[in-house]
Structures are given as structure tokens and as C-alpha cells.
Amino acid sequence: MFQTETGVYRDSEYPFADLVERSETLISNENINWASLTKNDKAPTAQKEYKRED
């Protein structure tokens, strides 16, 4: 749509700036969603201390 200047870019005064803003918003939302989904996967677990026997 950006390259053909259609849709939301048709009447835009600054179509490239709009493309960048929309892209950054999508990327940011995806990062937030990913972080939210993986937050519970990284719960701390107790680690046993390895003792070396000589």
C-alpha cells in the first residue's frame, strides 16, 4: 500500500513517516506480547549446588 500510495497512504502528507510509525507500533506491540507470553516461562527455579568429590 505504501509503494502504490493507496489506503491509509493515499492522502498522507508524509507517507514514509506514516509507514515508519505504523511499523514501529506493530513491532512494539509484538515485543510486548512476546514478553508477556514468556514472562511466566522464566520463573526462577532452585538450582542445586554442585559439589565436587575429590
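Side chains included, hydrogens not; waters and symmetry mates left out as well; all remaining heavy atoms used.
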Quick note, side chain to side chain donor-acceptor pair (under 3.5 Å) partners involving residues 20-30, not counting sequence neighbours, are Tyr9-Arg22
Checking Phe16 now: which residues fulfil side chain to side chain contact (heavy atoms under 4.5 Å, CB included) with it, not counting sequence neighbours? Phe2, Leu19, Val20
Between CG on residue Asp11 and CD on residue Glu5, distance to nearest 0.5 Å: 10.5 Å
Suppose we screen for side-chain hydrogen bond (donor to acceptor under 3.5 Å, both in side chains). Which residues come up paired with Ser36, at least two apart in sequence or across chains? none
With rounding to the nearest 0.5 Å, note down the distance linking OG1 in Thr38 to CG in Asn33. 10.5 Å
